[in-house]
Structure formats: C-alpha cells, structure tokens
Number of protein chains: 2
Amino acid sequence: MKLSTRGRYGVKAMFELALNYGSEPLSIKTISEKQNISEYYLEQLFGSLRKAGLVKSIRGAQGGYVLSRPPSEITVGDILDVLEGPIEISECIDDEDNCSRIEYCATRLLWIKIRDSVNQVTHSITLEDMVNDYKSMNIITSIKRGE
Amino acid sequence: MKLSTRGRYGVKAMFELALNYGSEPLSIKTISEKQNISEYYLEQLFGSLRKAGLVKSIRGAQGGYVLSRPPSEITVGDILDVLEGPIEISECIDDEDNCSRIEYCATRLLWIKIRDSVNQVTHSITLEDMVNDYKSMNIITSIKRGE
DNA sequence: TTCAAAGTTGACAAAAATAGTCTGCTATGA
DNA sequence: TCATAGCAGACTATTTTTGTCAACTTTGAA
Ligand code: FES
Ligand code: FES
C-alpha cells in the first residue's frame with residue numbers, strides 16, 4: 001500500500017501555496033521549480049484541484065494559483081481525496097462474487113476500519129498545521145546550530 | 001490509495017485457514033473455490049506467506065496449508081506486510097531531490113503519521129478477531145430472520 | 001492595442017506495477 | 001506406485017502511473 005506521486009506531489013504543491021498564503025499567486029512554473037516536479041505534470045494535478053474547488057487560478061501575466069480557502073480550512077485528506085480518489089479497498093458492487101453478500105463478508109469490516117483510520121488522520125491535519133510544524137522545525141534547527 | 005489484490009486475496013485466504021484452524025489442511029484448490037480466486041495466483045501468494053513463516057505446507061495427498069500459529073497470534077498487518085510490502089510512502093533516499101533534506105521536509109512527518117495509523121489498525125486486528133466478528137454476524141443475521 | 005505570460009484542455013506515450021497463466025518439477029501419503 | 005498437492009519460476013496481458021507535448025484561451029501590463 002502506497003501513495004502515488006499524484007498525492008505526494010499534490011500535497012507538496014499545496015503546502016507551497018499555504019506557505020505563500022496572503023501574498024501574490026504562485027505560478028505552476030515557480031512551484032515546479034521549488035518542489036522539483038514536472039511543470040506539465042503539475043498542470044494536470046492543478047486541473048483536478050481547481051475543479052474540486054481547492055485552489056483558484058488567476059490568469060494573465062503575473063497570474064498563478066492561490067488557495068481558495070485559508071490553510072486552516074484545507075485538510076490533507078481533502079487533497080488526497082481529490083488526487084488519489086477516495087480509498088477504495090474493494091468493489092462491493094459485483095453481485096456475482098461471494099464478496100457481494102455484505103452481511104456475510106468477513107473482510108469488509110476490516111477494510112472499513114483501515115479506511116476510516118486513514119481518513120481520520122488525513123482529515124484532521126490541515127495545511128496550517130503543516131506550515132506550523134515546518135516553521136517550528138526550522139526554529140529548532142536554528143537553535144541547534146547555535147544561531 | 002488502495003490495497004492490491006495480493007493483500008485482499010491473501011487476507012481472505014488466511015481467513016479461510018483461520019476458520020478451519022485445528023482441522024485438516026486446506027488445499028489451494030479448496031481455498032480458490034471458496035473465495036473464487038485463481039488457483040495459480042493463490043499459489044504465488046502462498047509461496048510468499050510460507051517463506052514468511054505465516055503458514056506451513058503439508059505435501060502429498062490430502063495435503064494443503066495450515067496456519068503456523070494460532071489465529072490469535074497472526075495479525076492482518078503481518079499478512080499485509082508480506083504481500084503488499086511495508087508501507088513506503090516516499091523514497092527518502094535519493095540525495096538529489098530536495099526531499100532528501102529530512103530536517104526540512106514538510107511532508108515527511110505527515111507520511112509517517114499516516115503509515116503509523118494504518119500499521120496500528122492492521123497490527124491490532126488478529127485473524128481470531130475476524131473469525132469472532134464473522135461468527136457474531138451470522139448469529140445476528142439468524143436472529144433477525146427469526147430463527 | 002498588442003504582446004507575452006500564464007492557465008486550459010486533451011491527446012499521446014513510456015514505464016512500471018499488477019494480475020494472472022502456464023509448464024514442468026518434487027514430495028509424499030494412501 | 002500413483003494420484004494429489006505443493007514448489008518454482010518464466011511468461012504474458014492488462015492496467016495504472018507518470019509523465020510529455022502541442023494547440024488554444026485568457027488577461028494584465030507596457
Ligand atoms: S463486500 Fe466488499 S469487501 Fe466484502
Ligand atoms: S524526506 Fe522523505 S518525504 Fe520528505
């Protein structure tokens with residue numbers, strides 16, 4: 001079980017926007033350089049994020065992207081849901097395999113528990129939390145250096 | 001984020017063995033029929049499970065597989081670790097991308113939290129738990145039917 | 001007004017992972 | 001001794017992931 005690059009890149013890109021929140025928009029190009037992600041690939045991801053209403057685009061010269069809500073109101077789960085899709089462990093649709101008899105399915109409850117656990121974690125961490133963590137990390141590192 | 005068929009099939013197969021624990025060994029063929037999984041594919045999975053020491057094989061006529069420990073001592077996490085590999089969110093090795101500067105990495109802490117959460121859930125649920133859940137489900141269903 | 005920066009869209013494709021199949025083999029209990 | 005069942009590993013097909021690219025649209029700024 002792993003996160004694809006869509007999720008990983010997406011969170012990193014959104015983190016950049018969160019760091020920059022309140023200032024001028026960030027262009028795809030800028031973000032792609034900062035996080036070392038393909039510009040073209042990022043465009044795809046931002047297409048999804050925009051459709052989902054997580055970011056707003058500002059066209060024209062000096063345009064770019066901004067968060068459509070404050071970082072405190074966007075969770076990592078919101079981003080991952082858009083880019084990775086909701087966690088689908090099993091189909092639960094096909095009526096032919098024996099897994100469709102939900103009442104008797106031994107594993108269904110298990111998948112639900114795993115999914116809920118991940119959702120609980122990802123939806124409880126906001127971009128603001130990440131920015132705060134990041135800033136305290138930097139302060140601690142500075143202190144360690146004796147600055 | 002999703003579980004591959006390896007993990008899903010593997011847990012289902014191990015659940016069958018747990019249901020059958022204490023009785024005669026179950027052959028790949030039997031399991032493949034009960035859970036409707038390709039016989040050849042299951043062989044692959046059981047190869048891994050055997051090497052990991054989760055199951056024992058009994059060769060020859062009337063042979064098959066049995067759990068090598070009681071169901072209460074095998075967690076779902078044990079199975080998933082073998083079949084899906086441990087949860088690798090990011091590489092954290094390549095020194096060239098900016099993600100390698102772990103002290104400054106904004107997302108690393110996040111991936112760790114997600115991973116730990118999944119591990120905590122999967123490693124706390126044993127095959128015995130699943131069997132118990134399954135049995136209570138059946139009882140409840142029977143009562144609802146007025147039996 | 002013109003131009004260049006920047007977003008938008010959708011097609012395309014390489015690469016990797018997943019899922020599944022098959023063949024020939026070995027071991028062993030009945 | 002032979003049918004049953006596991007063992008090993010090559011092989012293939014399919015899907016998903018991970019990008020790339022080109023043509024087009026919008027719009028702020030000079
Ligand atoms: S009913 Fe969907 S996992 Fe069993
Ligand atoms: S250092 Fe591995 S995720 Fe950043």
Side-chain angles (χ1 to χ4, degrees), chain A residues 1-10 12-13 17 24-33 35-68 80 82-85 87-91 94 97, chain B residues 1-13 17 20 24-33 35-68 80 82-85 87-91 94 97:
Chain A
M1 185 156 46
K2 66 174 203 293
L3 234 47
S4 70
T5 56
R6 281 177 69 87
R8 284 189 276 136
Y9 292 176
K12 288 185 177 190
L17 290 187
E24 74 285 353
L26 286 182
S27 72
I28 292 270
K29 195 165 199 167
T30 307
I31 299 174
S32 86
E33 281 164 2
Q35 292 284 353
N36 194 31
I37 301 170
S38 149
E39 192 179 332
Y40 299 119
Y41 194 40
L42 259 189
E43 275 180 6
Q44 271 188 28
L45 306 189
F46 270 93
S48 303
L49 293 170
R50 191 180 49 82
K51 278 175 196 152
L54 292 180
V55 297
K56 276 188 297 196
S57 68
I58 292 153
R59 306 181 72 145
Q62 275 68 51
Y65 285 95
V66 292
L67 296 180
S68 53
L80 293 182
V82 170
L83 296 177
E84 303 262 337
I87 305 168
E88 279 291 340
I89 297 294
S90 201
E91 315 77 25
D94 187 349
D97 65 19
Chain B
M1 184 155 44
K2 69 175 202 287
L3 235 46
S4 71
T5 56
R6 283 177 68 85
R8 285 189 274 135
Y9 293 175
V11 171
K12 288 184 177 189
L17 290 187
N20 205 245
E24 73 286 352
L26 287 182
S27 71
I28 292 271
K29 195 165 200 169
T30 308
I31 299 173
S32 85
E33 281 164 2
Q35 291 284 353
N36 194 30
I37 302 169
S38 149
E39 194 178 331
Y40 298 121
Y41 194 40
L42 258 189
E43 273 182 8
Q44 271 189 30
L45 307 188
F46 270 93
S48 303
L49 292 171
R50 190 178 50 81
K51 278 174 196 152
L54 293 181
V55 298
K56 276 188 298 195
S57 67
I58 293 156
R59 304 181 73 145
Q62 275 69 52
Y65 285 94
V66 291
L67 297 181
S68 53
L80 294 181
V82 170
L83 295 177
E84 303 264 338
I87 305 167
E88 279 291 340
I89 297 295
S90 201
E91 315 76 25
D94 188 349
D97 64 20

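To find a chain, count down the sequence lines: A is the first, B the second, and so on, and within it residues start at 1. No hydrogens, no waters, no symmetry mates; every other heavy atom, side chains included, goes into these values.
- Of all heavy-atom pairs spanning B:Gly53 and B:Ser68, the tightest one is O-OG, 2.6 Å.
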request  = Check the pair B:Leu83, B:Val11 against side chain to side chain contact (heavy atoms under 4.5 Å, CB included), reporting the backbone distance first and the verdict last.
outcome  = CA-CA 9 Å; B:Leu83 295 177; B:Val11 171; over 6 Å; no
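- Taking five base pairs at each end of the helix from C:dT1-D:dA30 to C:dA30-D:dT1 and finding the rotation axis that steps the C1' atoms of four pairs onto the next four gives two axes whose angle is 10°, to the nearest 10°.
- Side-chain atoms of A:Glu39 never come within 3.5 Å of backbone atoms of A:Ser32 as a donor-acceptor pair (strictly under, hydrogens ignored).
- To the nearest 0.5 Å, atom NZ of residue A:Lys2 and atom CZ of residue A:Arg8 are 8.5 Å apart.
- With hydrogens and angles disregarded, a donor-acceptor distance shorter than 3.5 Å links the side chain of A:Ser38 to the backbone of A:Tyr40.
- For the pair B:Glu84 (side chain) and B:Arg6 (backbone), a donor-acceptor distance under 3.5 Å is absent.
- Distance CG/A:Leu45 to NZ/A:Lys12: 12.5 Å, rounded to 0.5 Å.
- Expressed to the nearest 0.5 Å, how far CG of A:Leu17 lies from NZ of A:Lys56 amounts to 12.0 Å.
- Within a heavy-atom distance below 4.0 Å of DNA chain C, the residues of residues 38-51 of chain B found are B:Ser38, B:Tyr40, B:Tyr41, B:Gln44.
- Between the CG atom of B:Leu49 and the OG atom of B:Ser57 there is a distance of 11.5 Å, given to the nearest 0.5 Å.
- What you find for A:Ala52 and A:Val82 is that their closest heavy atoms are CB-CG2, 3.4 Å.
- Applying the ring pair (Phe, Tyr, Trp, His ring centres under 6.0 Å) test to every pair with at least one member in residues 42-62 of chain A, sequence neighbours left out, gives these pairs: A:Phe46-A:Tyr65.
- Against DNA chain C, the stretch residues 56-65 of chain A makes heavy-atom approaches under 4.0 Å through A:Ser57, A:Ile58, A:Arg59, A:Gly60, A:Gln62, A:Gly63, A:Gly64, A:Tyr65.
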request  = Mind running side chain to side chain contact (heavy atoms under 4.5 Å, CB included) on B:Ile37 and B:Thr5 for me, showing each step along the way?
outcome  = CA-CA 10 Å; B:Ile37 302 169; B:Thr5 56; over 6 Å; no
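- A 4.0 Å heavy-atom criterion places the boundary nucleotides of DNA chain D facing chain A at D:dT18 to D:dA29, written 5' to 3'.
- Where DNA chain C meets chain A (any atom under 4.0 Å from a heavy atom), the bounding nucleotides read 5' to 3' are C:dA6 to C:dA11.
- For the atom pair CD1 of B:Ile58 and OG of B:Ser27, the computed distance is 11.5 Å after rounding to the nearest 0.5 Å.
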